[in-house]
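One structure is given below, represented as structure tokens, and several questions about it will come after.
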Amino acid sequence: MVFNFKKLASIATLVTVMSTLCTYPSPVAASPLVPRAQCAATLSTAASVGSRLQSKYWNGSGWGIFWTDANTIEDFYNLMLADGSTTFDVADNTRIGQLALQQDRNAWISALNGSNDDAGWIVLSLWKVADYRSTHGQNAAPYLNSASIVYDLIAAEWDDSVCGGGVWWSSAHTYKNAITNELFLYISASGYNRFGNANYLANAKKTWNWLLNSGIRNSQGLWNDGLTSSCANNGQTTWIYNQGVIASGLGALYKATGDSSLITQAETTLDATINHLTVNGILKESCDNANPTSTCDNDQAMFKGIWMKHLQFYLDNVPDRVSKYQSFIGAQESAVVHYGTGSGWTVGNVWYAPSNGGSLFTAETQTSGLAAHVSAAKYGPC
Ligand SMILES: *[C@@H]1O[C@H](CO)[C@@H](O)[C@H](O)[C@H]1NC(C)=O
Ligand SMILES: *[C@@H]1O[C@H](CO)[C@@H](O)[C@H](O)[C@H]1NC(C)=O
């Protein structure tokens, strides 16, 4: 297979040129109550990708696996908050939604099965559905109450006795890793920004202090997966989602504290992602492979979209940084459309090479594409 990188480069150039021609609407402060002014064409693409996600993968209670479903819910409600639609309001039918409506701590404990990173994604999905319900005059309380229950379960998994702190990855208490703690940073800081709960702010500060000194970030500015049993960086894969969730967490903590050094810390990692985890300016996970085929599992296949979503969440809190990332966001979205998308709006995981060569097509790759479009509708060129 011959890769047409020149075509991709010209897409990226076109995006850059277009971004200088279009006037981007000034960012609106994040508010769950007001639909945001966004790029209509990109939102329309997102809706097409979302429709395909429903027609191909929805089984009446979910799409993929438990934690990826949390992200799928979040992406659908993020889209509906952006475009004012109600088409994908299916959360109540999902397993996560059913648990949310029960508001039962023991049911959550059983469903989470000790997985503290899954729990972090779930808190985010519950808050997004709550935002949607508030926007539509519906009762958000079950979702907010459940988010509070799950948050407290994660917070109780903080441990000072091994590696100086951090939340355990799971209740097996064998591993401390980046994603669990990045998510706890983000939900703690953004939870404080939502509710003004001082306990959440204290958790955010202690989590960032721990992450900063943990050694999990390498000399390139990228976060490896986690720590060895002797508390050293384990050198495992710098998965792309780890480079995005840290930024949303730091953006939210910046919003809470006004400490601008947090912006520098966030962008050290965002810029390292752009410099080291791309091919021709397009995100490439290590398991993405155009020829012959990708080896990503159902977790990994979703990570690039999560990076795009968390860059969106970062920019929500630091709107004066939008111009720095706008053309990169636009280039990703363009690559998803022109390279990653197959027939009937199916989206694969290979964004960086043409004709969706080597792509897997799953609920997770489809959701990842959806997240890229929703992010670009808000902060890409139009
Ligand atoms: C539907 O998908 C979910 C995962 O999202 C799975 O847990 C459930 O078992 C599936 N239901 C059916 C009826 O296949
Ligand atoms: C729950 O976690 C245990 C320990 O990690 C694992 O062996 C088991 O398969 C999990 N159960 C489910 C339903 O995921």
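Both counts, for ligands and for their atoms, begin at 1 and track the order of listing.
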* To do: Go through ligand 1 atom by atom and flag the ones less than 4.0 Å from a non-hydrogen atom of W63.
  => 5 (O)
* What residue and heavy atom of the protein are closest to atom 2 (O) of ligand 1, and at what distance? -> N59 ND2, 2.5 Å
* Any protein heavy atom nearer than 4.0 Å to atom 9 (O) of ligand 1 -> no
* **hydrophobic_cluster_shared for L101 and V90, side chain cutoff 4.5 Å** => yes
* To do: Note the single closest protein heavy atom to atom 5 (O) of ligand 1, along with its residue, its atom name and the distance in Å.
  => D69 OD2, 2.4 Å
* Determine, for K324 against D271, whether the closest basic-nitrogen to carboxylate-oxygen distance falls under 4.0 angstrom. => yes
* **Euclidean distance, N116 CG relative to E157 CD, rounded to 0.5 Å** => 4.5 Å
* Structure fact -> Closest to atom 3 (C) of ligand 2 among protein heavy atoms sits N113 ND2, 3.7 Å
* Asked: Does atom CH2 of W169 have more than 12 heavy-atom neighbours, drawn from other residues, nucleotides or ligands, at distances under 6.0 Å?
  -> no
* Which heavy atom of the protein is the closest neighbour of atom 4 (C) of ligand 1, given with residue, atom name and distance? -> G64 O, 3.0 Å
* Could you check whether the rings of F328 and W307 sit parallel, tilted or perpendicular, using 30° and 60° as the cut-offs? => perpendicular
